[in-house]
Amino acid sequence: MGKVLADRPDLKPKAREIAKLASEIVSEVNKLSLDEQRRILEEEYAWLLQEKPKKEEKKGLPPLPNARPGQVVTRFAPNPDFVIHLGNARPAILSDEYAKMYRGKMILRFEDTDPRTKKPMKEAYDLIKEDLKWLGVVWHEEHIQSLRMPIYYDIAREIIRRGCAYVDLCGEKSRELLRAGKYCETRDKPVEWQLEQFEKMINREYGEGEAVLRMKTDPRHPNPSVRDWVAMRIIDTEKHPHPIVGSKYWVWPTYNFAVSVDDHLMGVTHVLRGKEHQVNTEKQLYVYRCMGWEPPTFIHFGRLKLEGFIMSKSYIRRLIEENPGRFLGYDDPRFGTIAGLRRRGILPEAIREVIISVGIKPGDAKISWSNLAAVNRKLLDPIADRIMFVSEPVLLRVESPSCIEGEIPYHPDRPERKRRIRLCPGDKVYITKSDAERGEVRLMGMGNFRVENDKLVFVNESLEYARARKLPIIQFAPARDAVRTEVLVPEGLELKKVGGYAEAALREYGVDSRLQFVRFGFVRIDSVSDSVIAIFTHE
RNA sequence: GCCGCGGUAGUAUAGCCCGGCCCAGUAUGCGGGCCUUUCGAGCCCGUGACCCGGGUUCAAAUCCCGGCCGCGGCACCA
């Protein structure tokens with residue numbers, strides 16, 4: 001029934017008749033036996049049996065509304081008060097992705113207009129850029145708001161001239177007034193007075209809290225925070241110097257004012273940001289309306305959480321400060337910062353893939369670690385060399401009639417790259433304790449051995465023998481040139497340490513190498529000295 | 001409390017705008033098998049979801065109403 005109408009939408013007006021017809025036919029067919037039904041189908045309607053080709057699944061982002069190729073300008077506007085985390089990477093990657101998709105432009109803008117409560121961190125400007133580069137984000141322009149102050153002053157004057165803003169001298173009282181749907185009496189003063197007062201603000205004739213510039217909105221707007229929202233306020237930069245411009249400015253734009261001005265002046269066409277900005281969008285529209293600017297297209301998506309990771313900037317900072325020595329820094333692999341994920345061994349392509357798959361839905365998304373790990377594993381597997389690492393090592397002595405030699409490929413897909421390992425009678429070898437308890441094992445690439453007390457007794461080299469007996473094929477490390485290795489395994493807020501020995505080949509890899517420790521999991525080499533410290537990425 | 005936005009398998013997502021090719025697709029996870037000198041990868045098979053209740057309609061995941069739940073906002077933060 002549905003099928004018929006889908007094929008012939010022109011029949012829709014007759015749907016009622018068709019429904020009746022269809023049910024008659026169905027009941028008729030149902031009287032026949034199943035075999036009979038099949039026979040008729042095969043004989044007379046064989047063409048129905050042919051599978052239609054499966055349509056190929058489209059991957060990637062949905063088209064951007066109101067977007068014209070070559071005309072799209074997006075932006076990523078972080079607050080440089082700390083490094084960015086996976087949640088911040090979402091607008092960054094999405095903005096980058098759409099700019100690329102439409103051959104447009106992407107702008108990076110640091111929003112550092114509050115040296116008091118969101119004091120910028122001097123190093124963060126560069127750290128954020130590093131993270132973005134690592135993520136593969138490409139930007140064509142770079143701006144710092146604290147370096148654009150005269151621009152905000154100029155637009156503010158224009159907005160006052162247009163009668164859209166006023167200087168509020170009522171201080172604390174204004175908050176109550178506005179909550180009640182009323183407002184400070186200075187709102188009704190003439191434009192000339194407002195301009196005068198604004199210059200007095202700039203000339204430091206007022207202190208913090210004594211005067212603010214407010215947008216005129218609807219004093220009875222259902223959302224009290226929208227009512228005459230603050231566009232400019234005074235921050236005492238003698239007490240709270242800004243890390244870039246010091247005490248040069250006294251009057252600072254609020255987020256909503258600076259953003260509206262910049263988005264317009266920089267020609268931003270599409271603003272992609274979290275839904276926590278929905279009300280801000282509403283506020284910013286007042287600026288566009290007053291100035292007669294055309295607003296960009298706003299897209300708000302939900303929050304992004306990474307299961308089992310701490311993302312909050314302030315919480316991470318507190319944890320580090322209150323627990324000296326417990327964390328490795330803002331890039332600790334237990335944190336959801338970009339730097340933390342990088343140190344953990346997550347690839348930037350994996351982050352991008354996950355963020356693209358989550359898309360731009362307004363609903364929240366909780367990414368499960370196993371999902372991120374699966375994507376990362378898929379990318380890592382073909383490029384990570386296999387190295388043998390022995391955890392919980394026990395030391396055994398080889399007993400065999402002669403030396404045994406084996407060749408082990410670094411990667412199963414490229415068997416021509418391999419190292420040679422030689423075990424001779426009397427050699428000491430580390431294997432994992434639980435493997436030693438298996439009785440008979442096959443040392444990967446070497447041969448089959450029987451474990452007898454502290455001895456490893458050679459049986460034979462036959463792989464078929466090992467298969468027939470289902471012997472575990474285990475990793476090992478000859479003690480002679482074994483590398484002492486510690487693997488840090490992040491588990492929630494804990495960082496477990498797994499000690500052991502790796503085979504000599506580990507020496508060939510430097511810091512930042514990504515490897516797979518055979519039967520253990522993927523790791524990233526974090527430091528190399530006499531011994532090696534690796535960080536466990538995932539299985 | 002007020003304002004706004006959402007609820008599709010364990011997780012994420014497609015479909016919703018324009019109701020019928022959807023007894024709901026895909027990925028991951030989980031279970032089983034094949035392959036394989038790793039408990040990896042790959043390949044097969046299986047598992048599992050439209051928040052609840054009404055309504056409109058021949059037909060509702062899709063439209064309407066109510067409820068429940070979740071999230072965001074309610075700053076002189078961004």
Side-chain angles (χ1 to χ4, degrees), chain A residues 1-7 9 12 14-20 22-23 52 54-55 57-59 62 77-81 111-114 116-118 168 171-172 174-175 179 208-214 221-227 229-235 252 254-256 258-259 273-280 282 300 302-303 307 353-354 356-359 361-375 377-378 380-382 384 386 388 406 408-409 411-413 442-447 463 466-467 471-475 516-522 539:
Chain A
M1 171 80 200
K3 176 110 185 104
V4 172
L5 286 171
D7 286 344
K12 270 188 191 166
K14 300 190 174 174
R16 203 182 293 263
E17 294 167 44
I18 293 171
K20 205 172 140 207
S23 74
K52 53 182 175 221
K54 277 218 166 127
K55 56 178 180 243
E57 168 225 359
K58 52 192 179 235
K59 214 178 174 177
N79 180 326
D81 63 342
E111 313 216 308
D112 54 351
T113 58
D114 184 358
R116 185 176 45 199
T117 49
K118 281 263 171 88
D168 170 352
E172 282 297 316
S174 272
R175 221 180 293 240
R179 211 173 359 238
E208 274 188 18
E210 289 172 9
V212 294
L213 183 72
R214 287 184 181 274
H221 190 282
N223 186 334
S225 84
V226 176
R227 320 222 258 243
W229 56 269
V230 173
M232 290 262 186
R233 83 299 209 184
I234 292 164
I235 293 174
W252 290 82
T254 59
Y255 167 80
N256 280 304
V259 164
R273 43 157 55 151
K275 66 177 174 187
E276 66 270 24
H277 288 295
Q278 272 171 159
V279 180
N280 291 327
E282 208 174 329
H300 300 111
R303 315 270 296 192
E307 183 191 87
E353 191 173 324
V354 165
I356 288 174
S357 81
V358 166
K361 289 205 327 171
D364 291 348
K366 197 173 63 200
I367 294 173
S368 68
W369 170 250
S370 67
N371 221 129
L372 213 207
V375 173
R377 187 182 302 121
K378 186 184 74 194
L380 217 44
D381 185 73
R386 273 58 165 169
M388 296 192 289
I408 304 174
H411 196 288
D413 294 349
R442 180 177 179 83
L443 298 197
M444 198 175 160
M446 307 302 288
L463 181 59
R467 284 214 192 116
L471 297 186
I473 297 165
I474 66 164
Q475 75 278 24
Q516 186 190 134
F517 280 172
V518 173
R519 296 207 307 152
F520 187 86
F522 291 91
E539 284 193 342

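In what follows, every heavy atom counts, from backbone to side chain, and hydrogens, waters and symmetry copies are set aside. Because the structure is predicted, anything quoted here is derived from the model rather than measured.
Within the 4.0 angstrom heavy-atom criterion, no nucleotide atom of any strand lies near G447(A). Nucleic acid contact class of G359(A) (heavy atoms, under 4.0 Å, all strands): none. Contacts of N280(A) with the nucleic acid, taken as non-hydrogen atoms under 4.0 Å apart, include base atoms. Looking at heavy-atom distances under 4.0 Å, S174(A) makes no contact with the nucleic acid at all. The residue V212(A) sits close to a base: some heavy atom pair falls under 4.0 Å. As judged by a 4.0 angstrom heavy-atom cut-off over every strand, R442(A) is placed among the base-contacting residues. Using a 4.0 Å heavy-atom cutoff across all strands shown, K366(A) reaches sugar-phosphate atoms only and no base atom.
The same atom, P, is picked in G70(B) and in A24(B); the two are 30 Å apart, to the nearest Å.
C71(B) atom C1' lies 9 Å from atom CZ of R303(A), rounded to whole Å. N223(A) places its CG atom 10 Å from the P atom of C3(B), with the value rounded to the nearest Å. Atoms CE (M388(A)) and C1' (C39(B)) sit 16 Å apart, rounded to a whole Å.
When each of N223(A), V212(A), N256(A) is paired with W229(A), the side chain to side chain contact (heavy atoms under 4.5 Å, CB included) condition holds for N256(A) and for no other.
Of the candidates U28(B), U13(B), C76(B), the closest approach to any side-chain atom of A365(A) belongs to U13(B). With A12(B), G73(B), G40(B) as the candidates, the nucleotide lying closest to the side chain of D381(A) is G40(B). Side-chain atoms of S357(A) lie closest to A12(B) of the nucleotides A78(B), A12(B), G72(B).
Between the side chain of Q516(A) and the base of U38(B), at least one donor-acceptor pair of N or O atoms lies under 3.5 Å. Judged by distance alone, with hydrogens and angles left aside, D112(A) brings no side-chain donor or acceptor close enough to the base of A78(B) to form a pair under 3.5 Å.
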Output, in order, the C-alpha distance, side-chain angles, deciding distance and verdict of side chain to side chain contact (heavy atoms under 4.5 Å, CB included) for V230(A) and R233(A). CA-CA 7 Å; V230(A) 173; R233(A) 83 299 209 184; 4.2 Å; yes

